[in-house]
Amino acid sequence: MSVITRFAPSPTGRLHVGNIRAAIHNWLFARKNGGRFMLRIDDTDRARSEEGFVEAIRADLAWLGLSPDSEVRQSARFALYEAALERLHAAGRVYPAYETAQELELKRKVALGRGLPPVYDRAALALSDADRESLEAEGRSPHWRFKLDHGAPITWDDLVRGPQRFDPALLSDPVIRREDGSWLYMLPSVVDDVDMGVTHVVRGEDHVANTAVQVQMFAALGAASPAFAHEALLVGAEGKLSKRMGSLDLDALRAEGIEPLALLAKLARIGTSLAVEPVDSPEPLVAGFDFATFGRAPARFDVEELKGLNARIVHQLPYGSVAARLPEGMSDADWQAIRPNLKSVAEAADWWAILHGHVEAPAAPEDRDLIAAAAEAMEGLDWSGTPWADLVAGLKASTGRAGKALFLPLRRALTGRDSGPEMAAMLPLIGRDEAASRLRAALR
RNA sequence: GGCCCCUUCGUCUAAUGGUUAGGACACCGCCCUUUCACGGCGGCGAUACGGGUUCGAAUCCCGUAGGGGUCACCA
């Protein structure tokens with residue numbers, strides 16, 4: 001049986017590190033097993049879903065390189081849910097209920113106040129036909145609940161959490177359809193998983209209780225349950241589920257110069273026993289993917305760590321893969337010289353400007369003699385050899401300077417910066433005439 | 001409050017009753033580089049707490065504390 005996974009976001013907002021991680025794991029698992037990865041837009045909630053978010057989700061997945069093998073939208077599949085509801089109805093597994101949201105809220109508060117779990121009391125199940133008629137005569141119309149079977153514990157073997165066991169009596173019969181006919185998440189998800197042939201449901205542990213309910217729905221629909229993997233959630237660097245996590249959407253990360261590969265590597269392995277390390281393609285992540293490596297405790301996601309990984313990945317990015325994003329005319333040699341010093345690809349533009357643009361950095365009074373000597377030496381250097389090493393050797397002999405006192409003033413005069421890539425690599429790229437002119441400019 | 005999950009270096013984790021408690025990231029140091037960075041090498045650093053069981057406990061049991069999830073006419 002070939003593996004089919006799905007990523008099922010609702011288009012009510014941007015993707016963020018939490019759900020992207022689930023998307024990545026679904027994709028990796030499918031890739032590893034030669035299976036298919038599907039995108040399912042869970043847009044049953046018309047009021048909250050926005051087309052713009054659907055497009056953003058597609059764009060974000062594409063940026064990460066997680067191309068879905070197919071895409072479906074729940075809003076186009078209402079007939080399927082209708083048919084499933086009919087079947088459940090015929091099987092006596094759904095029933096109408098008439099409580100208002102306010103009434104249910106009150107019931108929950110009362111239960112909580114008495115130290116009881118706030119589970120729906122099934123009052124609607126006790127309604128007689130006459131009761132229902134009078135309720136509807138009052139103008140109330142029903143919403144529909146799925147009737148859980150309290151007969152036996154719900155169990156499944158979770159790929160991450162191991163054997164699971166739930167007492168159905170501690171769960172509320174879920175509302176699956178509103179009085180206005182709109183669908184809630186629970187049933188459509190099951191219907192689609194069956195219809196799409198999903199074999200593995202990989203999602204966050206915030207869904208475990210939903211899974212208990214859905215396991216009964218699969219059975220009630222006469223379908224086998226897929227395998228489930230519920231991964232522990234991510235928390236912010238402070239240890240709490242912070243608001244900052246919510247702000248971590250892909251735009252924010254892109255603005256920080258994060259490479260898709262870096263985010264992929266980080267999210268694929270955070271919370272697992274595998275090392276979070278730079279990769280030059282998704283292949284090692286695919287090859288190493290294994291639910292057995294997943295920890296069960298929430299892992300901390302720290303953007304600073306992501307930035308560090310990103311820098312290390314940038315340091316090994318080949319020219320060919322970044323050329324399109326580099327300043328016009330930037331050569332492979334330029335890239336090689338600059339690359340080890342970058343935190344993001346975007347910073348290459350700064351160094352491009354330093355290499356080939358205009359730099360004028362006045363020398364400090366105590367360094368003027370050194371800079372003057374350097375300017376003097378320019379003409380005589382062998383520019384096809386090792387001009388930087390020759391320059392420095394000559395200046396050391398003539399001025400007696402060494403180390404920082406020798407290097408820093410030269411770096412400043414030539415690049416306008418205190419730090420940066422290897423000068424030996426940059427000087428030839430700056431070129432003789434430009435270098436000479438910068439040194440003279442520093443003396444003005 | 002009920003139910004579920006979790007707690008090993010700062011962080012992510014390994015060690016399925018016997019290990020000098022291992023690795024990765026971070027940090028620190030050294031080397032390389034005639035500065036910074038990059039890179040290479042090395043070092044520091046942990047079993048939440050309290051009771052049991054056992055010849056022996058990070059590992060099994062009980063309790064305490066702490067963290068996460070869930071208990072929606074959101075997904």
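Just so it is clear: chains get the letters A, B, ... in the order the sequence lines come, proteins before strands, and each one is counted from 1.
Counting any heavy atom pair closer than 4.0 Å across all strands shown, A:Leu104 reaches a base atom. Counting any heavy atom pair closer than 4.0 Å across all strands shown, A:Glu179 reaches a base atom. Note on A:Thr44: only backbone sugar-phosphate atoms sit closer than 4.0 angstrom, heavy atoms only; bases stay farther off. Backbone-only contact: A:Leu184 has heavy atoms under 4.0 Å from sugar-phosphate atoms and none from a base. Among the heavy atoms of the strands, none lies under 4.0 Å from A:Arg339. Nucleic acid contact for A:Met423: base, since at least one base atom lies under 4.0 Å from a heavy atom of the residue. Residue contacts for A:Gly271: at a heavy-atom cut-off of 4.0 Å it reaches the sugar-phosphate backbone alone, with no base atom in range. Within the 4.0 angstrom heavy-atom criterion, base atoms lie near A:Ala393. A:Asn341 comes within contact range of at least one nucleobase, with a heavy-atom separation under 4.0 Å. Using a 4.0 Å heavy-atom cutoff across all strands shown, A:Pro117 reaches at least one base atom of the nucleic acid. At the heavy-atom level, A:Asn210 lies under 4.0 Å from base atoms of the strands shown. At a threshold of 4.0 angstrom between heavy atoms, the contacts of A:His143 include nucleobase atoms, whether or not backbone atoms are also involved.
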Sub-3.5 Å pairs of nitrogen or oxygen atoms, protein against nucleotides 21-24 of chain B:
none

N/O to N/O distances under 3.5 Å, protein versus nucleotides 3-9 of chain B:
residue, atom, partner, partner atom, Å
B:C4, O2', A:Arg161, NH1, 3.4
B:C5, O4', A:Arg161, NH2, 3.1
B:C5, O3', A:Arg296, NH1, 3.1
B:C6, OP1, A:Arg296, NE, 3.2
B:C6, OP1, A:Arg296, NH1, 3.4
B:C6, OP1, A:Arg296, NH2, 2.8

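With rounding to whole Å, A:Trp335 atom CH2 is found 15 Å from B:C38 atom P. B:G67 atom P lies 11 Å from atom CZ of A:Arg300, rounded to whole Å. Rounded to whole angstrom, the span from the CZ atom of A:Arg177 across to the P atom of B:A72 amounts to 22 Å. Rounding to whole angstrom units, CD1 of residue A:Ile313 and C1' of B:C38 are separated by 16 Å. Across the protein-nucleic acid pair, A:Asp158 atom CG and B:G69 atom C1' stand 13 Å apart, rounded to whole Å. Rounding to whole angstrom units, NZ of residue A:Lys343 and P of B:C36 are separated by 15 Å. The nearest whole Å value for the distance from the CG atom in A:Leu187 to the P atom in B:A75 is 12 Å. Summarising the geometry, the separation between CZ on A:Phe228 and P on B:G69 is reported as 21 Å, rounded to the nearest angstrom.
For A:Phe228 and A:Phe291, the ring centers sit 6.0 Å or farther from each other.
With a cut-off of 3.5 Å on both pairing distances, B:A75 has no Watson-Crick or G-U wobble partner at all. Of all nucleotides present, only B:G2 satisfies the Watson-Crick or G-U wobble test against B:U70, with each distance under 3.5 Å. In this structure B:C41 sits in a base pair with B:G29, meeting the Watson-Crick or G-U test at under 3.5 Å. Taking a pair to require two hydrogen-bonding distances under 3.5 Å in either a Watson-Crick or a G-U wobble arrangement, B:C55 pairs with B:G18. Under the Watson-Crick or G-U wobble criterion, with both distances below 3.5 Å, B:U7 is paired with B:A65.
Closest approach to the A:Ala209 side chain among B:U70, B:C38, B:C73 is made by B:U70 (side chain taken as heavy atoms from C-beta onward). The side chain of A:Glu422 has B:U33 as its nearest neighbour among B:U33, B:G68, B:A72. Here the side chain of A:Ser419 is nearest to one of B:A72, B:C36, B:A75, namely B:C36. Closest approach to the A:Tyr185 side chain among B:G39, B:A75, B:A72 is made by B:A75 (side chain taken as heavy atoms from C-beta onward).
Nearest heavy atoms, A:Asp149 versus A:Gln216: N-OE1, 2.7 Å. Contact between A:Ala23 and A:Phe37 at its shortest, heavy atoms only, is O-CE1, 3.8 Å. Of all heavy-atom pairs between A:Gly271 and A:Ala299, the closest is CA-CB, 3.8 Å. Scanning all heavy atoms of the two residues, the minimum distance from A:Ala111 to A:Pro117 falls at CB-O, 4.0 Å.
Atom CD of A:Glu376 sits in a sparse spot, with 12 or fewer heavy atoms from other residues, nucleotides or ligands closer than 6.0 Å. By the neighbour-count criterion of 12 heavy atoms within 6.0 Å, atom NZ of A:Lys147 is sparsely surrounded, having that number or fewer from other residues, nucleotides or ligands. Within a 6.0 Å radius of NE2 in A:His89, no more than 12 heavy atoms belonging to other residues, nucleotides or ligands are found. Within 6.0 Å of the NZ atom in A:Lys343, the count of heavy atoms belonging to other residues, nucleotides or ligands does not exceed 12.
Distances shorter than 4.0 Å separate some side-chain N or O of A:Arg108 from OP1 or OP2 on B:C73.
Aromatic ring orientation, A:Tyr185 versus A:His207: tilted (interplanar angle from 30° to 60°).
Within 3.5 Å, no donor on the side chain of A:Asp302 pairs with an acceptor on the base of B:A26, nor the reverse.
A:Trp144 does not carry A:Arg178 over the face of its six-membered ring by the limits of under 6.0 Å from the centre and within 45° of the normal.
A distance of about 29 Å separates the P atoms of B:U53 and B:A46, rounded to the whole Å. Of the P atoms belonging to B:A72 and B:A15, the separation is 37 Å, rounded to the nearest Å.
B:A75 has its base stacked against the ring of A:His207, the centroids being under 5.5 angstrom apart at an interplanar angle below 30°.
Place A:Ala299 and A:Arg178 on RNA chain B by their nearest nucleotides, and A:Ala299 ends up nearer the 5' end.
A 4.5 Å side-chain heavy-atom check between A:Asn210 and A:Met186 finds at least one atom pair inside the cut-off.
Judged by distance alone, the side chain of A:Arg140 and the main-chain N or O of A:Tyr98 form a donor-acceptor pair under 3.5 Å.
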